[in-house]
2 protein chains.
Amino acid sequence: MTESSPTARERIVAGAADMISRRGLNATSIRETAKHARAPLGSTYHYFPDGKQQLATEAVRYTGEWVARSLRKELEAGPVAGLQAFLALWRGIVVDSDFRAGCPVLAVSIEEPPTDETPTALAAAAEVFAKWESLLADSLCEHGAEPQQAAQLATLIVAAVEGTVAMCRAQRSAQPLDHTAEQLQALILAATKT
Amino acid sequence: MTESSPTARERIVAGAADMISRRGLNATSIRETAKHARAPLGSTYHYFPDGKQQLATEAVRYTGEWVARSLRKELEAGPVAGLQAFLALWRGIVVDSDFRAGCPVLAVSIEEPPTDETPTALAAAAEVFAKWESLLADSLCEHGAEPQQAAQLATLIVAAVEGTVAMCRAQRSAQPLDHTAEQLQALILAATKT
DNA sequence: CACTGGCTATAACGGCCGTCATAGTCTAGC
DNA sequence: GCTAGACTATGACGGCCGTTATAGCCAGTG
């Protein structure tokens, strides 16, 4: 049963992603990520010798790939199906956590970088957003949207969903997701109808 | 010159809003907000006896009213003008800070509340979002949009702008704001054209 | 003048932080 | 069996946190 249960390393990364999505990067301590994953603190620095930045970077990428995988699969049935899967995924996270969890990529994006240079976790967040956008934009193009319109609409979709998830947390209600879902769906239909 | 320069209390609140918008609520310390406002630490607990939560709550409301004021004024020239002002306001914050600052209301919204009850700062964030939405929705209705459509579109606008600001910070570029601006503007025109 | 009340200054409290070092344990391969 | 290397356990380091306490300053009022 080497593969049936995730490795300690995977547990740490997944747990860190969850904790970052709840409390933000700065408020997520390595000690607590280790405890949450039932791993000793020493192991964390064994697996992630570059410390917190490396762990955060891997957590962002982990979430990015997990979402991208779902998006890629559902987009085979068209952009509307992809949007619905994207929305359903975040709705599940928000509602199941009783409005306590959100998107770790967003959380990393809104933490000020140190004065000198861009931390790797922030760069990873930018790449994840770009990846989600390009998956959506490609699907829109394949279904008849103009390339420029597709790119703009893809940005709007990602931004709107991220913002809506945050609003749901503040209001402790999933209603904003309903509003956003309906508006974005109509937009996709209009853009691909040509 | 009692009114020409803001009071120490106002400086603390405004500075706290800025710092929260950059680093998040948990990573903003009362010590640093005091130092940033050139106020002693003791004064902070004099003005805000309920501590950090009270300061955060006032910072959120301060930002909320500042934005609402701008929104109310520009919406007199119609919803498209209001949208443009809303976008320009956030673009200024993001670009002028070299992509280091964003929206403190969003930052407060994505920090996990303690187990027991909803902190006042989070409740204030929900109210601020609701206020911005209602200002936009009312304007859309006045210009011929259906009420339900107006409410949904207002949610989309606020969520999309908040999300776009975060994406701009991650990518260190204002291009997402251009995309979002164009898409939202077209949406408003379509919804008010009836 | 005294004095009161808003504000400041300073220090302390326990607690958690990121990181590092070191020694111990386990396991796979020879 | 034995050794190497992956992992664990434990504790320490300096530093910042939210909050409180206490004493001092200094305007304005009587």
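Every chain is numbered from 1 and lettered A, B, ... according to where its sequence line falls, protein lines coming before strand lines.
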Atom CG of Leu55(B) and atom C1' of dC17(D): how far apart are they, to the nearest Å?
15 Å

Which residues in residues 34-41 of chain B have a heavy atom closer than 4.0 Å to any atom of DNA chain D?
Leu41(B)

Rounded to whole Å, the CD1-P distance (Ile30(B) to dT19(D)) equals 5 Å

Round to the nearest Å and state the distance from Lys52(A) atom NZ to dC17(C) atom C1'.
8 Å

Please indicate whether Glu182(A) has more than 12 foreign heavy atoms, meaning atoms of other residues, nucleotides or ligands, lying under 6.0 Å from its CD.
no

Is any side-chain heavy atom of Ser173(B) closer than 4.5 Å to one of Cys168(B)?
no

Is the shortest heavy-atom distance from the side chain of Thr33(A) to the side chain of His36(A) under 4.5 Å?
no

Checking all strands, does Thr28(A) fall into the base, sugar-phosphate, or nothing category for heavy-atom contacts under 4.0 angstrom?
sugar-phosphate

Sidechain-backbone polar pair: Gln53(A) side chain, Ala121(A) backbone, donor-acceptor under 3.5 Å
yes

What nucleic acid atoms does Thr33(B) come within less than 4.0 Å of, heavy atoms only: base, sugar-phosphate, or nothing?
nothing

Base, sugar-phosphate or nothing for Tyr45(B)? Non-hydrogen atoms, less than 4.0 Å.
base

In terms of hydrophobic clustering (I, L, V, M, F, W, Y; side-chain heavy atoms under 4.5 Å; direct or indirect links), are Ile20(A) and Ile20(B) co-clustered?
yes

With Thr155(B) as reference, evaluate His179(A), Gln183(A), Gln175(A) under the side-chain hydrogen bond (donor to acceptor under 3.5 Å, both in side chains) test and give the passing residue.
His179(A)

Between dT20(D) (C1') and Phe48(B) (CZ): distance, integer Å:
18 Å

Arg9(A) has an atom CZ; how far is it from atom P of dC7(D), in whole Å?
10 Å

Determine whether Leu184(B) and Val161(B) satisfy the following criterion, side-chain contact (heavy atoms from CB on, under 4.5 Å), listing intermediate values before the conclusion.
CA-CA 9 Å; Leu184(B) 290 180; Val161(B) 172; 4.1 Å; yes

Any Ser29(A) side-chain nitrogen or oxygen under 4.0 Å from OP1 or OP2 of dC17(C)
yes

Round to a whole Å and report the spacing from NE2 of His46(A) to C1' of dT22(C).
15 Å

Does Tyr47(A) or Arg31(A) map to a spot on DNA chain D nearer the 5' end, using the closest nucleotide for each?
Tyr47(A)

